[in-house]
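Quick note: numbers below take in every heavy atom, side chains included, and nothing from hydrogens, waters or symmetry partners. Chain naming here is simple, since letters A, B, ... match the order of the sequence lines and numbering starts at 1 in each.
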Amino acid sequence: DQQVKQNSPSLSVQEGRISILNCDYTNSMFDYFLWYKKYPAEGPTFLISISSIKDKNEDGRFTVFLNKSAKHLSLHIVPSQPGDSAVYFCAASGLFGNEKLTFGTGTRLTIIP
Amino acid sequence: NAGVTQTPKFQVLKTGQSMTLQCAQDMNHNSMYWYRQDPGMGLRLIYYSASEGTTDKGEVPNGYNVSRLNKREFSLRLESAAPSQTSVYFCASSDQGDLNTGELFFGEGSRLTVL
């Protein structure tokens with residue numbers, strides 16, 4: 001039972017355009033949502049997070065949107081750069097922080113120069 | 001600044017052999033975790049340790065044991081390796097009190113192949 005779902009295994013975007021990565025979840029107890037980025041042969045690194053009291057969080061080129069009623073979040077990258085090519089994981093946790101984060105299956109983003 | 005260090009980076013085992021994956025962090029974090037990554041499955045939690053002296057099962061604990069040796073070190077042991085345990089294993093740590101970012105710090109991973 002996959003509680004956090006990333007339905008697009010891969011995505012290709014032209015350099016300079018917007019990349020939109022999507023994530024759906026089923027557990028209504030999830031209260032905190034994060035995105036991690038992973039390059040080959042490296043561990044995942046934290047990118048951006050959002051708590052359920054917000055519907056948007058921005059950090060430079062990265063913006064995460066949360067729609068609680070739809071149990072959906074998305075990561076927008078604008079403008080996309082070649083260095084953004086990586087696997088992106090969506091993750092969620094309950095009220096008390098990042099203990100027992102549940103991860104999605106990941107989306108491989110390729111930025112085309 | 002080493003962060004989270006895992007050893008070994010690569011290992012090939014035969015079915016039934018045992019081995020221990022070592023993990024150490026130098027960030028004085030309370031919580032440590034072991035995940036495995038498999039194609040199409042994302043990252044799945046095997047075991048975690050919320051603080052020194054405590055360990056708890058995650059989503060996929062069968063076939064594994066862990067030891068929180070001290071605040072810095074958290075090891076993962078496979079007592080009798082099976083081909084289904086072929087995977088990339090990641091150790092991670094976090095400051096449990098940091099609710100602002102929910103950030104986990106990951107090691108570089110250990111690629112294990114069981115023949």
Side-chain angles (χ1 to χ4, degrees), chain A residues 1-10 21 23-27 30-54 57 59 62 64 66 73 86-108, chain B residues 1-7 9-10 21 23-25 27 29-51 54-61 87-111:
Chain A
D1 179 27
Q2 193 74 29
Q3 296 187 69
V4 179
K5 301 177 185 178
Q6 294 177 255
N7 292 318
S8 298
S10 62
L21 293 90
C23 178
D24 297 295
Y25 62 96
T26 57
N27 189 340
F30 286 147
D31 201 62
Y32 207 86
F33 305 90
L34 306 93
W35 286 93
Y36 282 79
K37 177 179 181 179
K38 184 185 179 305
Y39 292 121
E42 294 184 11
T45 55
F46 170 78
L47 189 58
I48 193 169
S49 64
I50 189 168
S51 73
S52 60
I53 62 172
K54 295 184 175 181
N57 188 27
D59 184 1
F62 302 91
V64 57
L66 176 63
L73 65 155
V87 176
Y88 290 79
F89 290 99
C90 170
S93 73
L95 180 62
F96 298 104
N98 61 9
E99 184 176 307
K100 297 175 68 176
L101 273 179
T102 299
F103 283 83
T105 52
T107 296
R108 181 178 301 279
Chain B
N1 188 7
V4 178
T5 304
Q6 293 180 230
T7 56
K9 286 188 169 36
F10 300 95
L21 296 174
C23 175
Q25 52 92 8
M27 295 173 283
H29 285 165
N30 287 318
S31 300
M32 297 186 73
Y33 311 80
W34 277 105
Y35 284 89
R36 59 179 288 175
Q37 184 194 7
D38 302 292
M41 301 294 288
L43 289 155
R44 293 181 294 169
L45 183 64
I46 305 171
Y47 270 94
Y48 68 100
S49 171
S51 61
T54 68
T55 60
D56 284 288
K57 296 178 180 179
E59 183 183 355
V60 288
S87 187
V88 181
Y89 291 85
F90 289 99
C91 179
S93 71
S94 71
D95 184 348
Q96 187 63 19
D98 184 1
L99 298 178
N100 293 325
T101 65
E103 183 174 0
L104 293 182
F105 295 82
F106 284 86
E108 292 185 339
S110 299
R111 183 175 293 276

>> Whether the side chain of B:Y33 engages the backbone of A:L101 through a donor-acceptor N/O pair (distance < 3.5 Å, no angle test) should be reported.
In response: no
Applying a strict 4.5 Å limit to non-hydrogen atoms, the region of A:P44 in contact with chain B is both
In this structure, CG of B:L104 is separated from OH of A:Y36 (nearest 0.5 Å) by 3.5 Å
So, the part of A:A91 with a heavy atom under 4.5 Å from chain B: the answer is neither
When rounded to the nearest 0.5 Å, the distance separating CD of B:E103 from CD1 of A:I48 is 12.0 Å
Of B:E59, B:R111, B:M41, B:K9, the largest count of non-hydrogen pairs under 4.5 angstrom with chain A goes to B:M41
Decide if atom CD of A:Q3 counts as having more than 12 heavy atoms of other residues, nucleotides or ligands within a radius under 6.0 Å.
yes
### Task
Give a yes or no on whether A:K37 atom NZ has more than 12 heavy-atom contacts from other residues, nucleotides or ligands under 6.0 Å away.
yes
Max heavy-atom pairs within cutoff under 4.5 Å with chain A, candidates B:F90, B:F106, B:F105, goes to B:F106
